[in-house]
Amino acid sequence: MSDESHLLAGEYVLGTLTADERAEAARRLQDDPAFRAEVEDWQRRLLPLTASVAPVAPAPTVWRAVERAIAGRPAPANDNLGLLAMSRARWRSAAVALGALAAALALFVADRDFLRPPAPAGASYVAAVNRGGDLPALIVRVDLATHSVSVRPVEAEAPAGKSLELWYVAAGQSPKSMGVIQQGRGIRMAAPADMPVKDTILAVSVEPPGGSPTGAPTGPVIYKGQLIAE
Amino acid sequence: MFAAAPACAYHSWPKLKPEDSLPPSPSDLADLIAASARGDRAAFQRLYEATAPKLLGVILRIVRSRAEAEDVLQDAYIRVWKSAGLFSPASGTAFGWIASIVRNRAIDLLRAQGTVRRVQAGEDEDVLARIADTRDDFAQAADREALRRCLDTVEPKVREMIVLAYCDGYSRDELAGRYASPANTIKTWLHRGLAALRTCLDEKT
């Protein structure tokens, strides 16, 4: 790692970067593990400066607001960065949060395709695979009539030297690969024969070039979304 | 002995008595984060109670308004809950992980507001002695001692800048005002100080 990266990490932790520089550093934290490690080192090095700070009791309203905000979530959604190996229950809770947005996007997709002949009712499913709150990274359409899957990247970007791999996670099952996503290129493939559509979640993980060597996700999950009927 | 420099000392809000805030051991906190990641809200509440008062003190140094500080605290703990599954003991202590989330929220807020506070030379305290002596402390004793020694090797003016930036959230522009120097010069000084600090700390750890 260069001196420049060390100093950027140091200034990030000090807090002296400008808003733009901070945003850039925050982006780098997500996909540059060496930079992340350097930031963690600076956090550890400088933490003792807080030693002399005297505690101040927060108003009871603060905890009550936190409690309200976390109520009703069976488990943390992990900021969309957890591993696919996490339990099915957690996947479901993350998917619920994306439900409203995905529904809105499905409408948008349906509208764009207004001029195409309509598929038989219930035969077509779509997922907007996204990072919570952002624009969708991929729109995945599963067409049961033609038994095909099409993947249209909108914004998916692989970190340098890595591949993005698409997975589906059916209820109660472990993730199954649907292939590596070519940057900026749509793909069309036959739907995996045993792929259920009800309650199925699609996710994208960061993998070594060419895809996961193990057949299971090895890197962080950066995007995910649930298949819903179009 | 060590030269004087400003400390992350806290001075204008009511203080808790020390017995109200005995820090739990680092492994207790790590266990509470792990339980929170499994959805255990009671564990998360204990984590909050053990760490939030100390961190509100940290935030109040940076944002200076009680209402903003409590908003930052609230947002940060919601984030801690959501990302509890991402905590890895290999990357640092549990308290350090939460403190980073909290400080980042506070500084993000300051930088988003974009205001440049006018800052004056203030009450200087002996930060090095305080780092060494304090017992009300979540930091590891060895890290504390190493930082104390290494800050002492940085030239006093630059050491003061580093402490003001970390503890009080001073931006380069604010430091430029305080030291009557261009922001680029401040950046150069900060880089020099950080590089010296890193070299020294890496030798000692």
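Here is the naming used below: chain letters follow the sequence lines, and residue numbers restart at 1 for every chain. Computed from a predicted structure; not experimentally measured.
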Quiz prompt | A/Leu49 versus B/Leu151, closest heavy-atom pair with distance | solution = CD2-CD1, 4.0 Å

Quiz item: Where do B/Tyr170 and A/Thr16 come nearest, in terms of heavy atoms and distance?
Solution: O-CG2, 3.5 Å

Quiz item: Which residues satisfy the salt bridge (Lys or Arg N to Asp or Glu O under 4.0 Å) test with B/Glu49, sequence neighbours excluded?
Solution: none

Exercise. Apply side chain to side chain contact (heavy atoms under 4.5 Å, CB included) to A/Ser177 and list each qualifying residue two or more places apart in sequence or on a separate chain.
Key: A/Glu165, A/Trp167

Practice problem: Would you please test A/Glu11 and B/Lys187 for salt bridge (charged side-chain N to carboxylate O under 4.0 Å, His left out) and show each step? | Solution: CA-CA 9 Å; A/Glu11 269 208 278; B/Lys187 181 175 168 178; 5.2 Å; no

Self-check item: Leading residue by heavy atom contact count with chain A [cutoff under 4.5 Å; candidates B/Ala112, B/Gly96, B/Ser91, B/Ser171]
Solution: B/Ser91

Quiz prompt | Proximity breakdown for B/Asp108 and chain A, heavy-atom pairs closer than 4.5 Å | solution = both

Quiz item: Any side-chain heavy atom of A/Leu17 sitting closer than 4.5 Å to one from B/Arg172?
Solution: yes

Quiz item: Nearest 0.5 Å, what's the CH2-CG distance between A/Trp42 and B/Leu201?
Solution: 7.0 Å

Practice problem: Please state whether the side chain, the backbone, both or neither of B/Asp75 comes within less than 4.5 Å of a heavy atom of chain A. | Solution: neither

Self-check item: Toward chain A, the part of B/Arg103 with a non-hydrogen atom under 4.5 Å
Solution: side chain

Self-check item: Candidate list B/Leu60, B/Val58, B/Leu55, B/Leu56, test side chain to side chain contact (heavy atoms under 4.5 Å, CB included), partner A/Val53, passing option
Solution: B/Val58

Quiz item: For chain B, which residues from residues 20-27 of chain A lie under 4.5 Å away (heavy-atom distances)?
Solution: A/Glu21, A/Arg22

Self-check item: Test side chain to side chain contact (heavy atoms under 4.5 Å, CB included) applied to B/Ala52 - qualifying residues, sequence neighbours left out
Solution: A/Pro58, B/Tyr48, B/Leu73, B/Tyr77

Quiz prompt | Among the listed options A/Arg45, A/Arg36, A/Glu40, the residue most often paired with chain B at heavy-atom distances under 4.5 Å | solution = A/Arg45

Exercise. Could you grab the distance from atom CD1 of A/Ile70 to atom CH2 of B/Trp81, nearest 0.5 Å is fine?
Key: 4.5 Å

Quiz item: Sub-3.5 Å donor-acceptor pair from the side chain of B/Gln74 to the main-chain atoms of A/Ala65, do we have one?
Solution: no

Quiz item: Out of curiosity, A/Leu7 CG to B/Arg198 CZ, how far, rounded to the nearest 0.5 Å?
Solution: 8.0 Å

Quiz item: Can you name the closest pair of heavy atoms from B/Gly57 and A/Val56 and give their distance?
Solution: CA-CG2, 4.0 Å

Quiz item: Hey, what do you get for CG (A/Leu46) to CG (B/Leu197), rounding to the nearest 0.5 Å?
Solution: 6.5 Å

Quiz item: Which region of B/Leu194, side chain (C-beta onward) or backbone (N, CA, C, O), has a non-hydrogen atom less than 4.5 Å from a non-hydrogen atom of chain A, or is it both or neither?
Solution: both

Quiz item: Where is the tightest heavy-atom contact between A/Ala51 and B/Arg144, given as atom of each residue plus distance?
Solution: CB-CD, 4.3 Å

Self-check item: Over all atoms of both residues, closest heavy-atom pair of A/Gln43 and B/Ser100
Solution: CD-OG, 3.1 Å

Quiz item: A/Val13 versus chain B, heavy atoms under 4.5 Å apart: side chain, backbone, both or neither?
Solution: both

